Number of protein chains: 2
Amino acid sequence: MRVTCHECALRACGLFKSVTAEELNSINAIKRDHLSAPAGAEIVRVGDDSPELYTLYSGWAFRFKTLPDGRRQILNFLLPGDLLGLQAAMFDAALHGIEALTEVQLCVLPRRQIWALFGQMPGLAFDVTWLGAREEGFVDENLTSVGRRSAVERVAALIVALYKRAEVLGLVADATFAFPLTQQHIADALGLSLVHTNKTLARLRRMGMFTRANGSLTLTNPRVLERIAQHFDDELPRRPLI
Amino acid sequence: MRVTCHECALRACGLFKSVTAEELNSINAIKRDHLSAPAGAEIVRVGDDSPELYTLYSGWAFRFKTLPDGRRQILNFLLPGDLLGLQAAMFDAALHGIEALTEVQLCVLPRRQIWALFGQMPGLAFDVTWLGAREEGFVDENLTSVGRRSAVERVAALIVALYKRAEVLGLVADATFAFPLTQQHIADALGLSLVHTNKTLARLRRMGMFTRANGSLTLTNPRVLERIAQHFDDELPRRPLI
DNA sequence: CGAAACGTTGATATCCTTCAACATGAGTGG
DNA sequence: CCACTCATGTTGAAGGATATCAACGTTTCG
């Protein structure tokens, strides 16, 4: 039972720009496989030297780096519609790992053919570049959290950001969405220790910001949570003029 | 005195893939301007809604975000050959600022025409995507520093990284290169306070890792500095080295 | 010369880490 | 059904890395 690009659920969300039928056929022609991996699977291993390009069709994953002594930094989280392995495909070697958070389904796009398609389908080239820029934006956002926000602000910002991304994908109902991260994942994404992450989460929970039940998270006070997160989307930021 | 793309100093460094004469003409045709800005100039302002795409021809710059209360995070540093404003051009609005660190010279590429060129020159599309992925790699690296490395490790990692980038561009002579960052820039890039950044720099200087003189930085012990950058080894002196 | 930007240093405060212990739930085999 | 283990989550206490505060030094430049 092969899923073709024509019936791709992701297109239905309006994630991609509209494409012509011809373009869709081209993509579908090179799509090599539609495979799935269990939670915890290593999708891209650091140092991988013949990486393919993937589209995350369903499930969650994350990109990460590991220091020689084992300290791990999660760079960002990947949700349906995201491109996996763009850097790896560009550099012929992966500089970071990618691991599945949940069971995932992936579309495999042989990268050599992708570059070839750039010539025939400028729109595709644009989309790939766009997705890359968008991902960099997420990393920027997370770097700002880790570098300049307090622990509470970081946790709040992460939850709000993931909530918003899930919302766009139609994964939110009743302010509730599936939240597959363990506290260790949150700690590694935010540059915090596990213990402090736990205490910070407990604090926000006691403040009535959210609740968790069987793998789902519910925002019980989105407005305040967003304010705690210190989001800059609201107003144009300025430096103090002393 | 208009500099054309044919005589571009950057091409000489082998930064770009080789292009055909025809492709070069196309690029040169749309290159709109070659302008310069003084140190401290805001090249891209947050919220800018008609941003152009730039190539940094000479000088240094940096991308940054600012929180509502003025805390600033520097996302990465930009050296000659880097693309400026890719995110902004993609999203029709800048989510971060870009400021000149030194006097800079910029090539202005009207973004609408760039997308149009994607169709005629798939190689250009590839280069743009490649530069985007490379920049994301830098942000990844910095996020790992800020999230999981100690202050000494972070400073060492930053200096080593900038040194290596300068080296590729031929800006290093005798282990020395122009280093236009103030301690405030370093602090904002590494998520540290100004005071602690100062003390950490002093410590590395006392350890004989580098020296500074009139705007230049010299690595006096690259091997050890690099080892510190990866992971601050416990066998190395940790105590204050008065 | 004076002002402003940048750098330096010590003292004190605090946020976060580390250590340690225990709780809870899922899976597994006896 | 129980005992066991392993992953995950929770909580208190103590220590440390970094922040903040305050003062002064140094350079640059009009």
Side-chain angles (χ1 to χ4, degrees), chain A residues 38-40 67 69-73 99 101-102 145-156 179-206 210-217 228 230 239-242, chain B residues 38-40 67 69-73 99-103 145-156 158 179-206 210-217 228 231-232 234 236-242:
Chain A
L67 294 182
D69 66 353
R71 285 175 284 181
R72 179 176 75 170
Q73 177 65 44
E99 188 179 316
L101 258 175
T102 66
S145 271
V146 175
R148 286 302 182 214
R149 286 197 250 242
S150 73
V152 205
E153 293 168 345
R154 285 181 223 183
V155 173
F179 192 84
L181 316 198
T182 68
Q183 297 188 347
Q184 186 66 64
H185 291 125
I186 300 178
D188 286 345
L190 300 182
L192 296 169
S193 72
L194 176 59
V195 174
H196 198 63
T197 300
N198 178 295
K199 288 173 179 171
T200 306
L201 283 167
R203 193 165 143 207
L204 283 170
R205 207 183 306 121
R206 270 188 241 107
F210 67 89
T211 60
R212 285 190 72 173
N214 44 40
S216 283
L217 189 149
I228 295 176
Q230 292 251 1
R239 289 213 89 191
L241 305 172
I242 313 217
Chain B
L67 294 183
D69 65 354
R71 285 174 285 180
R72 180 176 75 171
Q73 177 65 45
E99 189 179 315
L101 257 175
T102 66
E103 191 195 15
S145 272
V146 175
R148 286 302 182 214
R149 286 197 249 241
S150 72
V152 205
E153 292 168 345
R154 286 182 222 182
V155 173
L158 177 64
F179 193 83
L181 315 198
T182 68
Q183 297 188 348
Q184 184 66 65
H185 291 124
I186 300 178
D188 285 346
L190 299 182
L192 296 169
S193 72
L194 176 58
V195 174
H196 198 62
T197 300
N198 177 294
K199 288 171 179 170
T200 306
L201 283 166
R203 189 164 150 208
L204 284 169
R205 207 182 306 120
R206 273 190 236 106
F210 67 90
T211 60
R212 284 191 73 173
N214 45 37
S216 283
L217 189 149
I228 295 175
H231 160 39
F232 191 71
D234 275 341
L236 291 168
R238 301 184 109 257
R239 301 163 292 92
L241 308 167
I242 309 169

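The model shown is predicted, which means the values in this text are computed figures rather than measured ones.
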So, is B/Asn198 near the phosphate of C/dG7, with a side-chain N or O under 4.0 Å from OP1 or OP2?
-> no

What residues form a side chain to side chain donor-acceptor pair (under 3.5 Å) with B/Ser216, not counting sequence neighbours?
-> none

Taking only residues two or more places apart in sequence, or in another chain, which ones meet B/Ala202 in a side-chain contact (heavy atoms from CB on, under 4.5 Å)?
-> B/Arg205, B/Arg206

Nearest-Å distance for atom pair CZ/C1', residues B/Phe179 and C/dG7 | 14 Å

How does protein contact run along nucleotides 18-30 of chain D, one letter per nucleotide 5' to 3', with B for base contact, S for sugar-phosphate only, - for none, heavy atoms under 4.0 Å?
-> BSBB---------

Rounded to the nearest Å, what distance is computed from the CG atom of residue B/Leu217 to the P atom of nucleotide C/dG7?
-> 12 Å

Any donor-acceptor N/O pair, A/Arg154 side chain to A/Arg149 backbone, under 3.5 Å | yes

Quantify the bending of the helix from C/dC1-D/dG30 to C/dG30-D/dC1 as the angle between its end axes, each fitted on five pairs, to 10°.
-> 30°

Can you check the B/Ile186 CD1 to C/dC6 P distance for me, whole Å?
-> 13 Å

Compare side-chain N and O positions of B/Gln183 against OP1 and OP2 of C/dA5 and report whether any pair is under 4.0 Å apart.
-> no

Within less than 4.0 Å of OP1 or OP2 of C/dG7, is there a side-chain N or O belonging to B/Gln184?
-> no

A/Glu153 meets the salt bridge (charged side-chain N to carboxylate O under 4.0 Å, His left out) criterion, sequence neighbours left out, with B/Arg71

Nearest-Å distance, CG (B/Asp188) to P (C/dG7)?
-> 12 Å

Apply side chain to side chain donor-acceptor pair (under 3.5 Å) to A/Gln183 and list each qualifying residue two or more places apart in sequence or on a separate chain.
-> A/Asn198

For A/Arg72 and B/Arg148, work out which heavy atoms get closest and say how close.
-> O-NE, 2.9 Å

Specify the separation, in whole Å, of atom CZ of B/Arg205 and atom C1' of C/dT8.
-> 9 Å

Non-neighbouring partners of A/Phe210 that pass ring-ring contact (aromatic ring centres under 6.0 Å, His included), sequence neighbours left out | none

Extract all donor-acceptor atom pairs below 3.5 Å that involve side chains of residues 190-197 of chain A and protein atoms in other chains or at least two apart in sequence.
| from | atom 1 | to | atom 2 | distance (Å) |
| --- | --- | --- | --- | --- |
| A/Ser193 | OG | A/His196 | N | 3.2 |
| A/Thr197 | OG1 | A/Ser193 | O | 2.7 |

